[in-house]
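First the structure, in the form of structure tokens, and then the observations on it.
Position 1 is the first residue of the sequence; numbering continues from there. For ligands, and for the atoms within them, numbers begin at 1 and follow the listed sequence. The figures that follow rest on heavy atoms only: side chains count, while hydrogens, waters and symmetry mates do not.
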Amino acid sequence: MGLKIRSGSRVCRALALATAGVALLASGVEAQGAKGAAAKKAEKPARPKLVVLLVVDQMRGDYVDKFREQWSGGLKRLLTEGAWFRAAAYPYAATETCPGHSTISTGAFPASHGIVANGWWDREQQKMVTCTSDPDAKNTAYAGGSTKGGDSAWGMQLPAFAEELKFQTGGATRVVSFSVKARSAITMAGHKGDAVTWIDPPGTLVTSSVFGTMPFVEEFAKKNPVAQDYGKTWSVSLPQSAYLYEETAVGARALDGWTTTFPHALRGKEGSAAPDAAYYEQWVTSPFADTYLTKLAETAVDSLGLGKSGATDFLGVSYSSVDYVGHTFGPRSWEIQDILVRLDKDLGDLFAYLDKKVGAGNYVVALSADHGVAPIPVDMQKTGVDAGVLSLTELQERIEKALEPLNYTKPVVARMAGNEMYFSEGVYGRLKADPGAMKVVLDAISTMPGVAAVYRAEDLGNGTTPIAQTRKAAVLSYFAGRSGDLYVLQKPYWLMDSSAEGSKRATGTGHGTPYNYDQHVPVFLMGFGIQPGEYFESATPADIAPTLAALTGVTLATRDGRVLAEALKKPAKKY
Ligand SMILES: [Zn+2]
């Protein structure tokens with residue numbers, strides 16, 4: 001299938017350069033193979049047989065530099081055999097799971113694909129909706145489990161790379177995507193897919209009516225109940241001297257049934273004798289969930305014969321445990337280091353499996369993260385830096401109180417969702433027409449400890465003037481109708497906390513800001529068509545989809561990313 005390239009546009013020229021590289025590479029190989037039928041059999045394919053997209057939920061870019069000495073498996077292999085974009089970072093503000101996965105899969109930023117957060121305030125329904133909740137879809141549970149609701153990628157305004165691949169190859173492509181989280185599995189695949197599966201508490205494998213069920217997943221779910229890891233213990237994998245920082249992380253949160261120090265037994269609530277809700281929370285916060293997904297991915301490769309359809313197949317796996325561990329124990333814990341050691345082993349197993357089944361060099365791997373994470377505030381405070389927790393409940397109360405003398409009906413704030421503030425119906429319009437009242441509101445927010453700035457929707461929707469980096473990041477996250485009326489930016493190292501008054505959080509950490517610790521993530525490419533090396537060029541995870549599109553001869557309608565042409569192999573032969 002040829003790729004039509006029109007000259008003239010900047011986007012087309014970049015794509016032309018990259019695809020020309022791949023085409024030349026393919027022609028070179030063909031010329032060598034033309035010598036005889038036997039040689040022709042050994043020819044490398046002109047396109048990768050399989051695209052493997054891996055997302056590590058909440059993997060900071062600097063983990064690679066800090067912890068690489070601890071790795072000997074798949075992460076090490078990406079470092080030695082892959083292309084590593086050291087400076088890759090999200091340029092937008094909404095550094096959360098759903099926007100991150102959608103950006104990786106579509107090659108566009110939230111302002112384009114519309115996934116502005118994991119959930120937003122639906123102004124019509126006057127309630128919070130999740131990024132994948134879809135009233136027209138119905139979820140189905142595997143292996144006799146139960147589930148509710150319906151999820152799809154309806155909210156994603158652009159097709160994912162995997163969808164375009166399937167569409168443009170005439171349907172021969174199989175799209176397979178797995179994660180513990182629905183929002184990760186779904187947005188990696190897109191609006192349709194062949195085996196899109198996630199796991200709901202207490203360990204039920206689930207898909208939805210828009211994707212349909214798969215017999216091999218049913219069989220896997222029956223053979224491998226999540227409860228089978230009950231009673232196992234997560235202990236450190238390496239000698240104690242191999243770990244950085246303190247054995248017990250400052251400010252770590254104690255999960256139900258666990259202490260904040262290794263080892264961590266998966267036995268549920270204290271005194272519990274069978275898998276319970278606490279067990280499931282422990283399981284997703286342990287290496288066992290990642291290993292489970294790896295096994296499921298290997299089963300898919302085998303059952304569907306991925307890489308053998310003649311077209312390019314797509315396998316996406318999003319590993320969520322690093323996120324759960326990071327929120328609980330923080331980025332300076334032994335737990336975060338050990339979960340990566342275990343993931344490194346899982347990825348090593350997966351790559352070895354793919355080498356055997358698909359053939360080394362016949363598949364291309366892209367690995368990135370959906371976002372990073374902030375240090376735990378109490379840990380950061382030890383350095384003397386201004387860090388803390390900003391209570392959204394308190395912030396909301398300040399605004400209600402400030403507007404009290406001006407006869408606004410309570411509640412004026414309908415919802416504070418992360419950094420996004422949504423006013424009750426009609427309130428923001430009234431504030432815009434009343435500069436005095438608007439000033440009262442903006443002052444009430446700005447004077448709250450931990451607040452760095454507040455941006456108004458109308459200033460984010462038409463980002464034409466030169467602006468500060470953080471506001472630019474908020475512009476790239478802004479999508480009219482879904483984003484809030486105001487965007488409240490905290491200071492660096494401050495966390496937004498939505499817990500109720502009096503139960504202010506003191507432990508654990510989070511993400512979601514336009515600061516570098518949340519934005520900087522790894523981007524690795526390895527395998528078919530990839531030139532190994534370390535690359536310092538600026539890059540974003542939105543560059544992954546355009547690069548994969550270039551390697552597979554697929555055209556994306558629109559994109560904010562670029563083809564990472566510097567990491568594509570140069571032609572084997574010049575002519
Ligand atoms: Zn998270």
Side-chain angles (χ1 to χ4, degrees), residues 54-63 89-90 92-105 110 115-120 128 130-132 151 179-188 198-201 249 251-253 255 280-287 289-290 293 317-333 335-337 339-340 343 367-377 379-380 389-390 392 416-420 473 477 490 493-499 505 507-522 541:
L54 303 171
V55 181
V56 184
D57 201 314
Q58 201 193 101
M59 186 171 179
R60 282 171 59 128
D62 59 5
Y63 285 169
Y90 287 96
Y92 60 74
T95 45
E96 289 188 346
T97 291
C98 214
H101 282 76
S102 305
T103 296
I104 292 169
S105 74
I115 302 293
V116 295
N118 288 344
W120 53 83
M128 284 296 289
T130 70
C131 61
T132 54
D151 290 275
S179 178
V180 161
K181 297 180 181 177
R183 54 184 174 272
S184 307
I186 292 171
T187 52
M188 272 193 304
W198 59 94
I199 308 179
D200 276 354
R253 187 166 73 89
L255 271 194
Y280 184 74
E281 209 191 328
Q282 293 165 352
W283 185 76
V284 296
T285 317
S286 82
D290 286 347
L293 288 175
V317 187
S318 173
Y319 291 101
S320 310
S321 294
V322 171
D323 182 64
Y324 293 112
V325 170
H327 279 295
T328 309
F329 296 97
R332 281 158 44 91
S333 58
E335 281 78 3
I336 204 72
Q337 295 169 63
I339 195 92
L340 287 165
L343 180 64
L367 180 142
S368 191
D370 50 356
H371 54 77
V373 71
I376 297 178
D379 195 18
M380 197 66 208
V389 174
L390 196 160
L392 297 180
M416 187 78 209
N419 302 69
E420 307 279 343
S477 288
Q490 68 267 57
Y493 302 115
W494 278 74
L495 288 186
M496 295 282 197
D497 175 30
S498 55
S499 43
R505 83 194 264 177
T507 56
T509 185
H511 49 85
T513 73
Y515 296 119
N516 206 33
Y517 46 77
D518 284 343
Q519 291 181 325
H520 181 211
V521 291

- prompt: Within the stated cut-off of 2.8 Å, is an N/O/S atom of H371 closer than that to the Zn ion (ligand 1)?
  reply: no
- request: May I have the angle between H327 NE2 and H511 NE2 with its vertex at the Zn ion (ligand 1), rounded to 10°?
  value: 90°
[X] [atom1] to [Y] [atom2] distance, which is reported to the nearest 0.5 Å:
{"X": "L495", "Y": "H511", "atom1": "CG", "atom2": "NE2", "result": "10.0 Å"}
{"X": "T132", "Y": "H101", "atom1": "OG1", "atom2": "NE2", "result": "12.0 Å"}
{"X": "Y90", "Y": "D518", "atom1": "OH", "atom2": "CG", "result": "11.5 Å"}

- prompt: Parallel, tilted or perpendicular: which fits the ring planes of Y517 and Y493, with parallel below 30° and perpendicular above 60°?
  reply: parallel
- prompt: In D323, the N, O or S atom nearest to the Zn ion (ligand 1) is which?
  reply: OD1
